[in-house]
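Remarks on the structure that follows.
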Amino acid sequence: MNENIEDINYKEVIEYSLEPLIVHSQLKIIYINKAAEVFFRASREEVIGQSPLVIFKDTSKPAITKRISGAYNKPAEIIEETVYRMDGTSVDVELYCHPIKIGNIKAIQTYVRDLTEKKQLEKIQGEINNKINELTATIVPLLGGIAVLPLSGAIDQDRATKLLQLVPENVKKHKVSKLIIDCSGIHKIDALVTDYLFRINNVLNLLGVQTIITGLRPQLAINVVELGINLEGIITFSSVMDALRFSGVEYTIK
C-alpha cells in the first residue's frame, strides 16, 4: 500500500471539510467548498469570480486588503470580523488565511468559522454572571437596622466592582445602620478583595453605616498577614453570631 502523502487528493480534502473554505488569488475568488456554499447561502457559480472583499464592510476593506497582501508570503493572524452572506445577512466570524500555490500561481486559502453560537453562549454567560453579581450584593435584613451580607466563592474584579456599586444602594434601600459582611464562604482573600472591603467600608461610613467583618477563617487570616494588609479601623469577629452579640442581639439556641 502506497502511503505517500503527496498522493492525497487536496481538493477532495477541502471539499469535504465542515468549515467554509475560500481560495482566492489577486482579489478574485477561484474556489469555495460545499460548506462555504451553505454558509454564504449562494452557489459556487455565484461566488467564484467575485472579489473576496465583497463580504466585508466598507470600513474593514482597507485593512483586509492589506492583510490579504501579506498573506501571500506567510499565514495571517486569526481575527474576528463581521461579514455579509450573499443574501445580505451579517454574521460574526473568525478568519484565518495562509498562502498556497496552484501550479505557479500564488493564492490564499481562507478559513471562515461562524461565531454565532459562541457569541450567543457568551451573551448567556454574561447574563448569568450579572445575575450572580447581583445576588452576591444581596443583603439580608435582620432587625433594628442590622443586616448581613454573605460573601461566597471567588471574587474577581467584576464581582468586586459590582459589590462596591450595589451594596451602598441596597443598604440605603433597606435602611441599614449596621452591616455585617460575612467572609466565611470566600475561597481566597487577596489584595483585591481586601481593597474593595476597605472601599465598601469607607463608602458605608460616609453613609453613616457601621461595618463589621466576620468569618475570616484561619487560612484567610494568614493570607491577610502575609499580604501585609492592615485591617485596623475595621471591626472583625469570627462569626456572625459574635457580631450580633456585639450589636446587642442575643440568640437562644434550642
Side-chain angles (χ1 to χ4, degrees), residues 80 115 117-254:
E80 287 189 16
L115 296 179
E117 185 176 346
K118 178 184 176 183
K119 295 290 185 181
Q120 289 175 343
L121 290 174
E122 288 176 350
K123 181 180 179 181
I124 292 172
Q125 187 60 53
E127 292 172 351
I128 292 173
N129 289 340
N130 287 336
K131 291 296 182 183
I132 292 174
N133 288 335
E134 290 175 6
L135 289 173
T136 297
T138 299
I139 63 175
V140 181
L142 298 178
L143 71 166
I146 301 173
V148 178
L149 171 63
L151 300 180
S152 62
I155 298 182
D156 57 15
Q157 181 70 52
D158 289 339
R159 288 186 69 184
T161 301
K162 206 71 175 179
L163 280 169
L164 184 59
Q165 174 190 341
L166 294 179
V167 169
E169 294 178 6
N170 290 338
V171 162
K172 186 176 180 181
K173 176 182 177 181
H174 294 285
K175 299 180 180 179
V176 174
S177 58
K178 184 175 294 185
L179 181 65
I180 300 170
I181 302 177
D182 184 48
C183 301
S184 59
I186 296 180
H187 301 323
K188 177 183 178 182
I189 188 164
D190 54 18
L192 172 70
V193 175
T194 309
D195 177 56
Y196 273 85
L197 287 177
F198 269 114
R199 292 190 192 186
I200 292 170
N201 177 70
N202 292 338
V203 171
L204 294 182
N205 281 341
L206 291 174
L207 296 175
V209 178
Q210 184 182 38
T211 303
I212 301 174
I213 295 178
T214 64
L216 289 177
R217 292 175 283 115
Q219 187 56 53
L220 296 183
I222 291 172
N223 291 343
V224 169
V225 173
E226 290 177 344
L227 289 168
I229 297 168
N230 182 9
L231 292 178
E232 185 178 351
I234 297 182
I235 302 172
T236 63
F237 286 97
S238 61
S239 69
V240 172
M241 187 170 288
D242 290 337
L244 290 173
R245 289 197 184 99
F246 171 79
S247 302
V249 179
E250 288 292 341
Y251 273 81
T252 301
I253 301 177
K254 297 181 181 181

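Residue numbers count from 1 along this sequence.
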**Item:** Residue from L163, I213, D182 passing side chain to side chain contact (heavy atoms under 4.5 Å, CB included) with L151
**Value:** L163

For a quick test of reading the model, state the closest non-hydrogen atom pair linking [X] to [Y] and the distance between them.
X: L207; Y: P168; answer: CD1-CB, 4.0 Å
X: P150; Y: V140; answer: CD-CG2, 4.3 Å
X: A147; Y: P141; answer: CB-CA, 3.8 Å
X: V209; Y: V176; answer: CG2-O, 3.3 Å

**Request:** State the CD-NZ distance between E80 and K119, to the nearest 0.5 angstrom.
**Result:** 4.0 Å

**Asked** Quick one: CD on E122 to CD on Q120, what's the gap to the nearest 0.5 Å?
**Response** 10.5 Å

**Item:** Side chain to side chain, L149 and N170, heavy atoms closer than 4.5 Å
**Value:** no

**Item:** Residue pair E169 / K172, side-chain heavy-atom distance below 4.5 Å
**Value:** no

Using side-chain contact (heavy atoms from CB on, under 4.5 Å) as the criterion, list what pairs up with [X], not counting sequence neighbours.
X: S177; answer: none
X: S247; answer: I146, K178, I212
X: L164; answer: Y196, R199, I200, V203

**Fill in**
For K173, the salt bridge (Lys or Arg N to Asp or Glu O under 4.0 Å) test, sequence neighbours excluded, returns none

**Asked** Quick one: side chain to side chain donor-acceptor pair (under 3.5 Å) partners of Q165, sequence neighbours excluded?
**Response** none

**Asked** Taking only residues two or more places apart in sequence or in another chain, which ones pass side chain to side chain donor-acceptor pair (under 3.5 Å) with D242?
**Response** S238, S239, R245

**Message:** Assess the residue pair I181 and V167 against the criterion (side-chain contact (heavy atoms from CB on, under 4.5 Å)); give the C-alpha distance rounded to whole Å, side-chain angles, the decisive distance to 0.1 Å, and a yes or no.
**Reply:** CA-CA 10 Å; I181 302 177; V167 169; 5.9 Å; no

